[in-house]
Amino acid sequence: MRITVTSVFVDDQSAALDFYTRVLGFEVKNDIPLGGDDRWLTVVSPAAPDGVELLLEPSGHPAVGPYKAALVEDGIPATSFGVDDIQAEFERLTALGVRFVQPPTDMGPVVVATLDDTCGNLIQIAQMKG
């Protein structure tokens, strides 16, 4: 068994596509219309184009809004992405206007930072030490 797709609920798929590709640097893997405004919209890391896909999933289900709001209110990231140099990523993303709710912070075996994805989520980036 392996993880092939994971998801993050987004308020607006078009805005999410822009943020996750243009700002974070992921690449589109699938963009398939599902009827109405919804799409099967996945992105991947350019370092692993055949790796795990991130589904930018519409937030239409009634349970999603309260779930996302509770996570943000409590400062809990919806997901985490690994980076090689967290300080460089923090500086690059800050220069692009990304709002961080937590700057790079030493947490023992990792350094983490948390950003607002502009689509209703907090996203953590993490660099393993050593």
Side-chain angles (χ1 to χ4, degrees):
M1 189 173 302
R2 63 191 174 282
I3 298 171
T4 57
V5 177
T6 189
S7 64
V8 62
F9 290 108
V10 297
D11 297 338
D12 178 312
Q13 284 186 302
S14 293
L17 178 60
D18 179 63
F19 184 83
Y20 281 79
T21 56
R22 184 183 57 79
V23 177
L24 295 185
F26 293 114
E27 297 177 346
V28 174
K29 180 77 173 190
N30 291 289
D31 189 352
I32 303 166
L34 297 176
D37 293 330
D38 293 344
R39 299 141 63 181
W40 179 262
L41 181 57
T42 65
V43 295
V44 294
S45 168
D50 294 320
V52 176
E53 297 176 44
L54 178 67
L55 173 62
L56 303 176
E57 190 161 359
S59 293
H61 190 280
V64 173
Y67 167 75
K68 284 174 54 175
L71 289 178
V72 170
E73 184 176 325
D74 290 344
I76 300 171
T79 194
S80 181
F81 303 133
V83 298
D84 293 329
D85 184 337
I86 198 163
Q87 190 61 41
E89 278 300 304
F90 175 75
E91 291 170 10
R92 181 184 77 82
L93 293 171
T94 299
L96 290 172
V98 173
R99 183 177 74 87
F100 279 81
V101 299
Q102 177 188 32
T105 304
D106 190 314
M107 303 293 277
V110 298
V111 178
V112 300
T114 305
L115 60 94
D116 178 341
D117 78 348
T118 73
C119 303
N121 302 291
L122 298 179
I123 303 295
Q124 182 179 77
I125 58 175
Q127 175 187 346
M128 296 298 293
K129 288 187 195 174

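Worth knowing before you read on, the calculation uses all heavy atoms, side chains too, and leaves out hydrogens, waters and symmetry mates.
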So which heavy atom on [X] is nearest to which on [Y], and how close?
X: T21; Y: V43; answer: CG2-CG1, 4.1 Å
X: G108; Y: K129; answer: O-NZ, 2.8 Å
X: I86; Y: V111; answer: CD1-O, 3.2 Å
X: F9; Y: P58; answer: CD2-O, 3.5 Å
X: V8; Y: A78; answer: CG2-CB, 3.9 Å
X: V110; Y: V112; answer: CG2-CG1, 3.7 Å

Say whether [X] and [Y] are linked into one hydrophobic cluster, either directly or through other cluster members, by side-chain heavy-atom distances under 4.5 angstrom.
X: I32; Y: V28; result: no
X: V83; Y: M107; result: no
X: V72; Y: F81; result: no

| said: Take a 6.0 Å sphere around CD1 of I3 and say whether it holds more than 12 heavy atoms from other residues, nucleotides or ligands. | reply: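 Atom CD1 in I3 is not crowded, with 12 or fewer foreign heavy atoms closer than 6.0 Å.
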| said: Looking at D85, I'd like to know if its CG atom is crowded, meaning that more than 12 non-hydrogen atoms belonging to other residues, nucleotides or ligands lie closer than 6.0 Å. | reply: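 Yes, because the 6.0 Å sphere around CG of D85 holds more than 12 heavy atoms from other groups.
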Taking [X] for its side chain and [Y] for its backbone only, find out whether a donor-acceptor pair lies under 3.5 Å.
X: S80; Y: I125; answer: no
X: T114; Y: V101; answer: no
X: K68; Y: C119; answer: yes
X: R92; Y: V23; answer: yes

In Å and rounded to the nearest 0.5 Å, what is the [atom1] to [atom2] distance from [X] to [Y]?
X: L93; Y: F19; atom1: CG; atom2: CZ; value: 7.0 Å
X: L96; Y: T94; atom1: CG; atom2: OG1; value: 9.0 Å
X: D117; Y: D11; atom1: CG; atom2: CG; value: 8.0 Å
X: T79; Y: L122; atom1: OG1; atom2: CG; value: 12.0 Å
X: E57; Y: L41; atom1: CD; atom2: CG; value: 11.0 Å
X: I76; Y: N121; atom1: CD1; atom2: CG; value: 12.5 Å

| Min side-chain heavy-atom separation Y20-I123 under 4.5 Å |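 The answer is yes; the side chains approach within 4.5 Å.
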| field | 4.5 Å side-chain heavy-atom contact, E91 and P104 | value |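 The answer is no; the side chains never approach within 4.5 Å.
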| Residue among V44, L54, V52 satisfying side-chain contact (heavy atoms from CB on, under 4.5 Å) with K29 |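 Checked V44, L54, V52 against K29; only one passes side-chain contact (heavy atoms from CB on, under 4.5 Å): V44.
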| message | If we check side chain to side chain donor-acceptor pair (under 3.5 Å) with E53, which of these qualifies: T6, N30, T4? | response |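 It is N30, the one option of T6, N30, T4 that forms the side chain to side chain donor-acceptor pair (under 3.5 Å) with E53.
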